[in-house]
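So the structure is just underneath, and the comments pick up after that.
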Number of protein chains: 2
Amino acid sequence: MGATKTDLFSKKQNELAAMAKALAHPARIAILQVLVKTNACVCGSLVDELGLAQATISQHLKELKQVGLIQGTIEGTSVCYCINPKAWQQYKEFFAMFFKELPENKPCC
Amino acid sequence: MGATKTDLFSKKQNELAAMAKALAHPARIAILQVLVKTNACVCGSLVDELGLAQATISQHLKELKQVGLIQGTIEGTSVCYCINPKAWQQYKEFFAMFFKELPENKPCC
DNA sequence: ACTATTCATTGCAATATTACGATTAATATT
DNA sequence: AATATTAATCGTAATATTGCAATGAATAGT
């Protein structure tokens, strides 16, 4: 064992978990924040910005790209990354939906 | 290697990553959804609801308790769990803040 | 063509997570 | 007291993630 039993859960549940997992590392949070702040795209300056090795940053970028949160276009020798606004919006809505409201009456335990 | 280099990132970044990690498993998503839906507390019926072993559910509950998202009170031989409304609200705000808005003008790449 | 730069990929080591059976601790029931 | 029920914890196995050095592929500049 050690592998998540995705078949026990609904598509939505697995999807939300996957979205959360994409955010479940400070390096990826930091990368996204840089990309949001600079809006205009940023390339490998992320390696300087954060203190991780190039290979590590590249891996995190790959993961973020895989879930669609960012996109990258080749620009000469460098690659320019930026937020995918559509995916960003979707993430926003998904999480907002999940945390919507609590009925929040009942005494609870 | 293999351990996250938390010292490279800000407190906020690590915190958000930790919050996301708590949601980064479909079983935990499912548990939270059950607790929200039933509002009134639920105990080990989670084991029946989801198809995982008791030890596994207990471990997920422990993680959710550790990040403060749920709370549990002993009720005879069983334990009654429920959402911690304060933490829930905080999570909601944190994620909403993170996904706020994109400046979303610039052409992007 | 040669070199430099930039980034992806590969391979490896260290650590973390997921899952469960077995055991333990606690309260309830008989 | 003896037994049953509930849930935490321990121990273990399988798998996933994190991080980096080394290598590779592509373009830019000389």
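It should be emphasised that the depicted structure is a prediction, and the values quoted were computed from it without experimental measurement. Just the heavy atoms: all of them, side chains too, but no hydrogens, waters or symmetry mates, feed the values below.
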### Query
What is the ring orientation for Phe95(B) with Phe99(B), classed by angle as parallel under 30°, tilted 30 to 60°, or perpendicular over 60°?
parallel
## Note on the structure
By side chain to side chain contact (heavy atoms under 4.5 Å, CB included), Ser45(B) pairs with (sequence neighbours left out) Val42(B)
### Summary
Taken to the nearest whole Å, CD/Glu49(B) to P/dA7(D) is 14 Å
#### Entry: Distance in angstrom units between Glu63(A) CD and dA8(C) C1', rounded
14 Å
### Message
What I'd like to find out is whether the side chain of Ile83(A) reaches to under 4.5 Å of the side chain of Leu35(A), using heavy atoms alone.
### Response
yes
### Task
Hey, which sits more toward the 5' end of DNA chain C by its nearest nucleotide, Lys62(A) or Phe9(A)?
Lys62(A)
### Task
Report yes or no: do Gln59(B) and Glu63(B) form a side-chain donor-acceptor pair below 3.5 Å?
no
### Task
Examine distances only and state if a side-chain atom of Arg28(A) and a backbone atom of Leu23(A) form a donor-acceptor pair shorter than 3.5 Å.
no
#### Entry: Check: Leu32(B) and Phe98(A) side chains under 4.5 Å, non-hydrogen atoms
yes
### Message
If you compare every side-chain N and O of Lys21(A) against the phosphate oxygens of dT17(C) (OP1, OP2), does one of them come in below 4.0 Å?
### Response
no
### Message
Side chain of Tyr81(B) only, heavy atoms from C-beta on: which candidate in dT15(D), dA7(D), dT18(C) is closest?
### Response
dA7(D)
### Task
Respond yes when some side-chain nitrogen or oxygen of His25(B) is under 4.0 Å from OP1 or OP2 of dA19(C), and no when none is.
yes
### Query
Reckon Ser58(A) touches a base, only the sugar-phosphate, or nothing at all at heavy-atom distances under 4.0 Å?
base
### Task
Would you mind reading off the distance between Ile57(B) atom CD1 and dA8(D) atom P, rounded to a whole angstrom?
11 Å
### Query
Taking the nucleotide of DNA chain C with the closest heavy atom to each, which residue, Gly2(A) or Leu61(A), is nearer the 5' end?
Leu61(A)
### Query
So, is His60(B) near the phosphate of dA19(C), with a side-chain N or O under 4.0 Å from OP1 or OP2?
yes
### Message
How would you summarise protein contacts on nucleotides 20-30 of chain D per nucleotide, using B for base, S for sugar-phosphate only and - for none, with heavy-atom distances below 4.0 Å?
### Response
BB-----BS--
### Task
Check the distance between dA8(D)'s C1' and Ile70(B)'s CD1 and give it to me in whole angstrom.
13 Å
### Query
With a cut-off of 6.0 Å (strictly less than), are more than 12 heavy atoms of other residues, nucleotides or ligands near CG of Leu8(A)?
yes
### Complementary nucleotide for dT30(C) - Watson-Crick or wobble, under 3.5 Å
dA1(D)
### Query
Rounded to the nearest Å, what distance is computed from the CG atom of residue Leu23(A) to the C1' atom of nucleotide dT17(D)?
16 Å
